[in-house]
Amino acid sequence: MAKLKPMDHGPQCRCSDPIANSEELRKHQQTFYKYTAMPLGEILQELGLVTPEQISLALSDQSVSHKRLGEILVEKGVVSRDDVLRGLCQRFGVPYVNLRQFDVDPKAVSVVPGHFARKHLVMPLLLDKDRLLVAVTDPSDTELINMLRFMTGKVLEFCIASSEDIAYAISSYYGGQEMQSALDDLAVFSSDEPFHLDADNEESLGTERPVVQLVQSVISDAMARRASDIHVRPRESVVELYFRVDGVMQHIRSFSKKLLAAVVSRIKIVGNMDISEHRLPQDGRSRIHYLDKTVDLRISIIPTIHGESVVIRLLDTQFALKSLEALGFDGRDAEELRHLLTRNNGIFLVTGPTGSGKSTTLYTALDHIRCSNVNIITVEDPVEYHVDGITQIQVNHDTGYSFARALRHILRHDPDVIMVGEIRDEETAKMAVESALTGHLVLSTLHTNDAATTVTRLIEIGVEPYLVNSSLIGVLAQRLVRCNCVHCMAEEQIDPAVRKVLGVAEDEVFFKGSGCDLCHDTGVSGRMAVYELLVMTAELRRLLAQRVPADSIGEQAVRDGMTPLTQSALKVARERKIPLSEVYRVRL
């Protein structure tokens, strides 16, 4: 396929700002809107967003892929999805709406069922007598328009919003409604009556339609908000629902304790767990499709004094291809890392606590390697990302198929690069080292705090120092830090004790997101990696042969050019990307 280059949009774009409230929208609706027969490509050219050559290349791609022109331009990085939506607004003569802070009419919400709104990504906004204004992503979808017209019996008017905004609005306005619907329709006993359930009754509780919709809506809302985890926490009288977004716990809503048994039963059914077991912890897995994404669910249920507590981890199985720089690695370290990945033998380790982005970094590395036409095999527990062109193996402890056993078989499968999900024990560590010594590049993770400790940890696990010395080529220790929302940055108030610990001058200014509608009042917009990269040098190998402590290895690594993790984070904070409080949180 022909390659398209992103265009420098410059100041010539004349798109208007999106409408943010109902009063503004009502005024807009009184203006006469005119449909234009001008194709989207010509409109985007007129707005100064694309060149004729880019449109021509996109049209030639369209004849092969049969995708919409806007989709192709977005996929190629020529324009943003926002630009396409604005172009569609101009073409169809409808307003463009920002739903993050829009005051939606509750009467309009009641006209369209929540399950339909979620499935088709539509959000009713205003209801005036028999006229219903609905936000959609594509006003040319006649099938959807006909279904809406038949369902509501209203005269329909449309505006355009992004799919992310619509999903967020659905989550905000339909969530409470579905909780109440499930509570109204669910057959539960009053608290003063005996309440006994056998397995059959529990299964019927978990499959009653309102409860099924409720659990589905909670999971889809979490995906719409880009949550990594869902927490269902029982308290004495209520149940609290939390989402973890960009590492921050957000309280979503509370619901009646009467719903807990039914919700947990439904989640157990989804995760293929034993619904009659309430005294022991259980783990389960499932997979769902939403917003063109396939997401794996890892479910953990633990009994507590107030009922069963649930945590669902959401793993997007489609690996988002990023460069090392996009993850947070600066030019020099990214180059050093690429040099390590071109080696044809040796072991490279990524370390850090759970949730520090180790898997994402490893898969970014694998994506870089696979371009060189090599045989890459991974063995993981579980397989977190599905990547085309890589052979991926799932460990199964129930059948005794462990990391070490899988590694033995992998070596007969003619691999060039092996990725081991985690080195947990002596057997796996020795097999990984032996694989590295026999002409394979081995990538893996280890749970240690810093790069220097990782070198000595391999010896503590049971690998001989001379084997570590011969096989280890580098260690990357990393943490994830929360980035400032660029729309609401303000000067950060810093405790003098924090400045003292980090060695920061009293007059040095740092910034922190104060919270706005665009970041859901968290002040956070995404996360990035801060790290320290230790590359094995001749001097480090000499020290390792002498069995020196980790501190000495760390000091020598710094002399050899390694930037310690705390200093790496401090550099990013000085660039205003993260607050100083994040540096203090992840310091070593």
Side-chain angles (χ1 to χ4, degrees), residues 324-325 327-352 356 358 361-362 365 368-369 417-418 420 423 426 429-479 502-503 529-572 586-588:
L324 292 169
E325 286 82 3
L327 293 180
F329 297 96
D330 69 24
R332 176 183 164 276
D333 287 327
E335 199 59 41
E336 194 77 65
L337 199 46
R338 287 191 179 97
H339 285 316
L340 290 174
L341 296 173
T342 57
R343 299 279 290 270
N344 59 10
N345 69 303
I347 185 166
F348 176 73
L349 296 173
V350 181
T351 75
S356 60
K358 298 187 296 294
T361 299
L362 278 180
H368 175 73
I369 295 168
V417 180
I418 302 169
V420 183
I423 293 177
E426 181 182 351
K430 284 184 175 179
M431 282 295 301
V433 168
E434 285 172 22
S435 303
L437 290 171
T438 53
H440 305 91
L441 177 63
V442 179
L443 311 180
S444 190
T445 67
L446 199 63
H447 285 284
T448 55
N449 285 328
D450 57 38
T453 307
T454 306
V455 180
T456 56
R457 177 65 55 85
L458 283 173
I459 297 169
E460 290 165 7
I461 286 175
V463 182
E464 291 297 330
Y466 73 91
L467 290 174
V468 176
N469 220 335
S470 306
S471 60
L472 190 66
I473 59 173
V475 180
L476 178 75
Q478 72 175 53
R479 300 288 188 279
L502 296 174
V530 292
Y531 58 89
E532 56 185 28
L533 178 61
L534 180 151
V535 178
M536 290 299 288
T537 61
E539 191 60 34
L540 279 172
R541 294 188 194 283
R542 188 183 64 77
L543 285 177
L544 187 57
Q546 298 171 17
R547 294 202 176 206
V548 299
D551 289 347
S552 300
I553 291 174
E555 288 165 9
Q556 181 58 46
V558 172
R559 286 194 291 272
D560 289 341
M562 181 183 85
T563 303
L565 188 144
T566 307
Q567 297 307 313
S568 168
L570 199 53
K571 176 178 176 286
V572 176
V586 301
R587 73 195 187 284
L588 293 179

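Every heavy atom of this structure was used, including side-chain atoms; hydrogens, water molecules and symmetry mates were not. Small disclaimer: the values here were computed from a predicted structure and weren't measured.
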Residue pair [X] / [Y], side-chain heavy-atom distance below 4.5 Å:
X: Val548; Y: Gln556; result: no
X: Glu555; Y: Val558; result: no
X: Leu443; Y: Val350; result: no
X: Leu437; Y: Leu467; result: yes
X: Leu540; Y: Leu534; result: yes

Rounded to the nearest 0.5 Å, what separates atom [atom1] in [X] from atom [atom2] in [Y]?
X: Leu570; Y: Thr563; atom1: CG; atom2: OG1; answer: 11.5 Å
X: Glu539; Y: Ile553; atom1: CD; atom2: CD1; answer: 11.5 Å
X: Arg338; Y: Leu341; atom1: CZ; atom2: CG; answer: 9.0 Å
X: Lys358; Y: Ser444; atom1: NZ; atom2: OG; answer: 10.0 Å

Under the criterion side-chain contact (heavy atoms from CB on, under 4.5 Å), I'd like the reasoning laid out for Ile369 against Leu441: C-alpha separation, chi angles, the key distance, then a yes or no. CA-CA 10 Å; Ile369 295 168; Leu441 177 63; 4.0 Å; yes
Leu362, Leu349, Thr351, Val420 screened by side-chain contact (heavy atoms from CB on, under 4.5 Å) with Thr445, the one that passes: Leu362
Of all the heavy-atom pairs spanning [X] and [Y], show the shortest one and how long it is.
X: Gly346; Y: Ile473; answer: CA-CG2, 3.9 Å
X: Ala452; Y: Ala550; answer: CB-O, 3.4 Å
X: Leu544; Y: Met536; answer: CD2-CE, 4.2 Å
X: Ala429; Y: Ile423; answer: CB-CG2, 3.6 Å
X: Ser435; Y: His440; answer: O-ND1, 2.9 Å
X: Asn345; Y: Ala436; answer: CB-O, 3.5 Å

Using only atom types and a distance under 3.5 Å, with no angle test, would you say the side chain of Glu532 pairs donor to acceptor with the backbone of Met562? no
In chain order, what residues pass the side-chain contact (heavy atoms from CB on, under 4.5 Å) check against Asp330, with sequence neighbours excluded? Arg332, Asp333, Tyr531, Lys571
Taking distance alone, no hydrogens or angles, what donor-acceptor pairs closer than 3.5 Å link side-chain atoms of residues 454-461 to residues at least two apart or in another chain?
from   : atom 1 : to     : atom 2 : distance (Å)
Thr454 : OG1    : Thr448 : OG1    : 2.6
Thr454 : OG1    : Asp450 : O      : 2.9
Thr456 : OG1    : Thr453 : O      : 2.9
Arg457 : NE     : Glu460 : OE1    : 3.3
Arg457 : NH1    : His447 : O      : 3.3

Determine which pairs satisfy side chain to side chain donor-acceptor pair (under 3.5 Å) with at least one residue from residues 465-479, sequence neighbours left out, and list them in order. Thr361-Gln478
